[in-house]
Number of protein chains: 2
Amino acid sequence: MRLKELALHLGLSQTTVSRALNGYPEVNEETRRRVLDAARRHGYQPNANARRLATGRAGAIGIVLPTDRNMLLDPHYMEFQAGLGETLLADEIDIVLSPTRGSDEMATYQRMAVGSRVDGVVLSSPLIADDRVRVLTELGLPFVLHGRTESPVPHAWIDIDNEGAFRHATKHLIDLGHRRIGLVNGETRFTFARDREAGFRSALAARGIAVDERFVASGVMSDEIGYRITERFLAETPRPTALLVSSMMMSLGAFRAIRAAGLELGRDVSMIAHDDVFPFLNPDVMVPTMSTTRSSIRAAGKRVGELLKELVEGRAAETIHELWPVELVVRASTGPAPDD
Amino acid sequence: MRLKELALHLGLSQTTVSRALNGYPEVNEETRRRVLDAARRHGYQPNANARRLATGRAGAIGIVLPTDRNMLLDPHYMEFQAGLGETLLADEIDIVLSPTRGSDEMATYQRMAVGSRVDGVVLSSPLIADDRVRVLTELGLPFVLHGRTESPVPHAWIDIDNEGAFRHATKHLIDLGHRRIGLVNGETRFTFARDREAGFRSALAARGIAVDERFVASGVMSDEIGYRITERFLAETPRPTALLVSSMMMSLGAFRAIRAAGLELGRDVSMIAHDDVFPFLNPDVMVPTMSTTRSSIRAAGKRVGELLKELVEGRAAETIHELWPVELVVRASTGPAPDD
DNA sequence: AGCGGATTTGAAAGCGCTTTGAATAGCGTC
DNA sequence: GACGCTATTCAAAGCGCTTTCAAATCCGCT
């Protein structure tokens, strides 16, 4: 059923029907009711592409998915997408995915922008120096950065307070008597990892504790790397009595390494992991339950969707800066430092 | 830059330019070269929506993402998407994501179909009785099912041989002397879980071993559930000496439970897990390395993309049935059954 | 009765591309 | 020199919607 047929059927012009359907005020209420009713009865659904062409808006936002940058292929994306959808779906805005091999990434943005396939894009997992901000700004394609990067160009971003989170977590461990604390971090080219390390160091410095560089390591946030780094930490003498871990996935590996070393989590070694809140990785049901710095990545996705919508509708990018606090949830994986 | 301007610039008609760009044969080679050249120099990119409207094809395929059906939010989707992109991107076909709350799922398909937002969709994680096949067929929206379901309606599908995989794995354990084998399965409403259980049972039956129903369990494929089920299995007397596990994520939990019970993986308890090949969960680097039934979900995504393209271009759905064999990779988590 | 203003409705012109049907040019034949 | 082909090119008509601009209708008042 096309708009034309529907109009004919109702004995109205396309104009009026279109207006009635799109909620314009200059339509008689009685008429609008008839139109909406007929539309529903006939299962009328406007042709998305015709509308897009006519309005000049794509009614879609894009996500570029780097299929080779390992780190990005993890579950974070999925949760984020789910959150994004919560906002956008209500407005019939599509999410367009563009899986891309690393080097083509910029070309993909270009294609999206110029071909007006999307009205805006989401940028995830920014590097400390991330060129995408500049490129997208030049392309004139609106975007919201999920995370932060160093760029002279004003742009919209929303991030969690990674530094504060790890500062608090470290402080908490110090308060429990820990002095040798290890950091099992994500790759340091990402801003979030750098910020977490900064929080970690500043908490130690505030208490006058020197950082033992043997206990600072980073890598892909996988079970495997978590295992390897922790294994190495624990082989040192004296070993760290507490660990800060950048992801739940890594914490699983860290936990295995702790057990493999014959140690007990929460007694011999304490651990606080960052939790992005995945439905399949629940710190509350782990044994022992895991202390975490928590911030829902799905909630972030939802908010990014909202902001992106406002941005596309004209809100100035430089007015969009949100820094979300991160909650420290103490559970059973942290305890007082053992006696030396 | 619009087509019109480009044409004007070249002193040609839109018709000719369009044809040159789209590779139609009735264009002078010299002309085509000039056109392509100018297009590149000016960074011409056709307006996707105008083209879609004119051709009547959406140039996009859809994925409906149920944001509440827990199981589906896991990393599987991401890998699958990456694979899908490998095929589709080359043809400038977009992937449209529609995150949806469970009950609206059918409405979402309807919207996609009637509004011609997509030319076809991917159906993932089918239930044993999955109504989507019928609905989509009635809507006339082409689709490829990744997995299988019981439906009288002929349709395109591609699946891995879950039954064969678990039959072989079970057989392998029996050959190693195991007699009490546990099955830690995914939710049984999904076809793949049912098929795996069928393979498990048939292997045992073939050797005249009775299935101990206490050692058959299923649930969401998470670390947590893997832990719980395994914990329960190991509390029985006598306990199982081997486990078949439906996902690597579950196997992490199972492994924790084994250690928690003071047992050693690969000696006291053997384990074979199904591996969908995630970049962040590598059985080769686990300690001990994990025996698996392996089938890359990314490869499947890639193939689904190809098939979907063929389908949209007119290939008959009932000619598309692929059943992929699954490889059994024996590593260190499996060993001979311990003496009772 | 006539007028200004508000309320509703419509005709038609795009949006930027593809595609049909027709026109033009070039060339070998008879 | 006219004819029949083939090779190229083009004008114009859509694709299905939104939106501008104009027209029609209705009311309350003077």
Side-chain angles (χ1 to χ4, degrees), chain A residues 1-36 38-39 42-60 91-94 111-119 313, chain B residues 1-36 38-39 42-60 92-94 111-119:
Chain A
M1 167 76 57
R2 312 271 92 120
L3 180 61
K4 195 171 174 181
E5 308 169 51
L6 187 60
L8 207 66
H9 189 80
L10 283 160
L12 288 169
S13 69
Q14 288 192 42
T15 311
T16 304
V17 176
S18 170
R19 281 180 179 141
L21 256 24
N22 292 307
Y24 282 67
E26 66 268 46
V27 178
N28 184 296
E29 274 315 315
E30 159 70 20
T31 309
R32 185 192 307 278
R33 215 159 347 95
R34 274 181 59 219
V35 171
L36 289 177
H42 292 81
Y44 170 74
Q45 192 69 241
N47 180 301
N49 299 315
R51 161 178 291 178
R52 287 167 178 171
L53 179 57
T55 60
R57 285 187 298 97
D91 298 272
E92 305 244 311
I93 297 179
D94 286 336
R111 209 167 48 83
M112 286 184 149
V114 183
S116 70
R117 289 158 180 272
V118 299
D119 297 317
E313 284 163 4
Chain B
M1 167 76 55
R2 310 273 92 118
L3 180 61
K4 195 171 176 181
E5 309 169 49
L6 187 62
L8 207 64
H9 189 81
L10 283 160
L12 287 170
S13 70
Q14 289 192 41
T15 311
T16 303
V17 177
S18 169
R19 282 184 178 137
L21 256 23
N22 292 306
Y24 281 66
E26 64 268 47
V27 179
N28 185 296
E29 274 315 315
E30 159 70 22
T31 310
R32 185 192 307 278
R33 215 160 345 95
R34 274 182 57 220
V35 171
L36 288 176
H42 292 81
Y44 171 74
Q45 192 69 243
N47 179 301
N49 300 313
R51 163 180 288 179
R52 286 166 179 171
L53 179 57
T55 60
R57 284 186 298 97
E92 305 246 311
I93 298 179
D94 286 336
R111 208 166 49 84
M112 285 183 148
V114 183
S116 70
R117 290 159 179 270
V118 298
D119 297 318

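Lettering of chains follows the sequences in order, A, B, ..., and the numbering in each one begins at 1.
Here B:Asn22 lies in heavy-atom contact (under 4.0 Å) with sugar-phosphate atoms only. Contact annotation for B:Gly115: no contact, since no heavy-atom pair falls under 4.0 Å across all strands.
Atoms CZ and CG, from B:Arg117 and A:Asn47 in turn, are 9.5 Å apart once rounded to the nearest 0.5 Å. To the nearest 0.5 Å, the span separating CD on B:Glu5 from CD on B:Gln14 amounts to 10.0 Å. Note that the CZ atom of A:Arg34 and the CD atom of A:Glu29 stand 13.5 Å from one another [nearest 0.5 Å]. Distance check, rounded to the nearest 0.5 Å: CG of B:Leu53 to OG of B:Ser116 gives 8.5 Å. For the atom pair CG of A:Leu6 and OG of A:Ser18, the computed distance is 10.5 Å after rounding to the nearest 0.5 Å. A:Glu26 contributes atom CD, which lies 12.0 Å from atom OG1 of A:Thr31 (distance to the nearest 0.5 angstrom).
Taking atom CG of B:Leu8 as the reference point, atom C1' of C:dC17 lies 16 Å away to the nearest angstrom. Rounded to whole Å, the distance from NZ on A:Lys4 to P on D:dC15 is 7 Å. In this entry the distance linking CG of A:Leu3 with C1' of D:dC17 reads 7 Å, nearest Å. Summarising the geometry, the separation between CZ on A:Arg52 and C1' on D:dC15 is reported as 15 Å, rounded to the nearest angstrom. Atom CZ in B:Arg32 sits roughly 10 Å away from atom P in D:dT9 (whole-Å rounding). When rounded to the nearest whole Å, the span between CG of B:Asn49 and P of D:dG14 equals 22 Å. C:dT18 atom P lies 13 Å from atom CD of B:Glu26, rounded to whole Å. C:dG16 atom P lies 15 Å from atom CD of B:Gln45, rounded to whole Å.
Ranking D:dC15, C:dA11, D:dG16 by closeness to the A:Asn47 side chain, first place goes to D:dG16. Which of D:dC17, C:dT9, C:dG16 sits closest to the side chain of A:Arg2 comes down to D:dC17. The nucleotide whose nearest atom lies closest to any side-chain atom of B:Thr16 is, among D:dT9, D:dG16, C:dC17, D:dT9.
Under a cut-off of 6.0 angstrom, the local environment of CZ in B:Arg111 is crowded, with over 12 non-hydrogen atoms contributed by other residues, nucleotides or ligands.
Contact annotation: A:Tyr24 side-chain N/O to C:dT8 OP1/OP2 distance is not under 4.0 Å. Proximity of B:Asn28 to the phosphate of D:dT8: a side-chain N or O atom is located under 4.0 Å from OP1 or OP2. Phosphate contact (OP1/OP2 of C:dT18, side-chain N/O of B:Thr55, threshold under 4.0 Å): absent.
With the nearest nucleotide of DNA chain D identified for both B:Pro25 and A:Leu53, B:Pro25 has the one nearer the 5' end. In terms of position along DNA chain D, the nucleotide closest to B:Thr31 lies nearer the 5' end than the nucleotide closest to the other residue of the pair B:Thr31 and A:Ser18.
Partner B:Val17 forms a side-chain contact (heavy atoms from CB on, under 4.5 Å) with one of B:Leu8, B:Leu36, B:Leu10 and no other, that one being B:Leu10.
Annotation: side chain of A:Thr15 is in contact with side chain of A:Arg19 (closest heavy-atom distance under 4.5 Å). B:His42 has its side chain within reach of B:His9: a pair of non-hydrogen atoms, C-beta onward, lies under 4.5 Å apart.
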Can you pull every protein N or O that's under 3.5 Å from an N or O on nucleotides 21-28 of chain C?
| residue | atom | partner | partner atom | Å |
| --- | --- | --- | --- | --- |
| C:dG21 | O6 | B:Arg19 | NH2 | 3.4 |

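Comparing the helix axis at one end of the helix from C:dA1-D:dT30 to C:dC30-D:dG1 with that at the other, each defined from 5 consecutive pairs, gives an inter-axis angle of 70° (nearest 10°).
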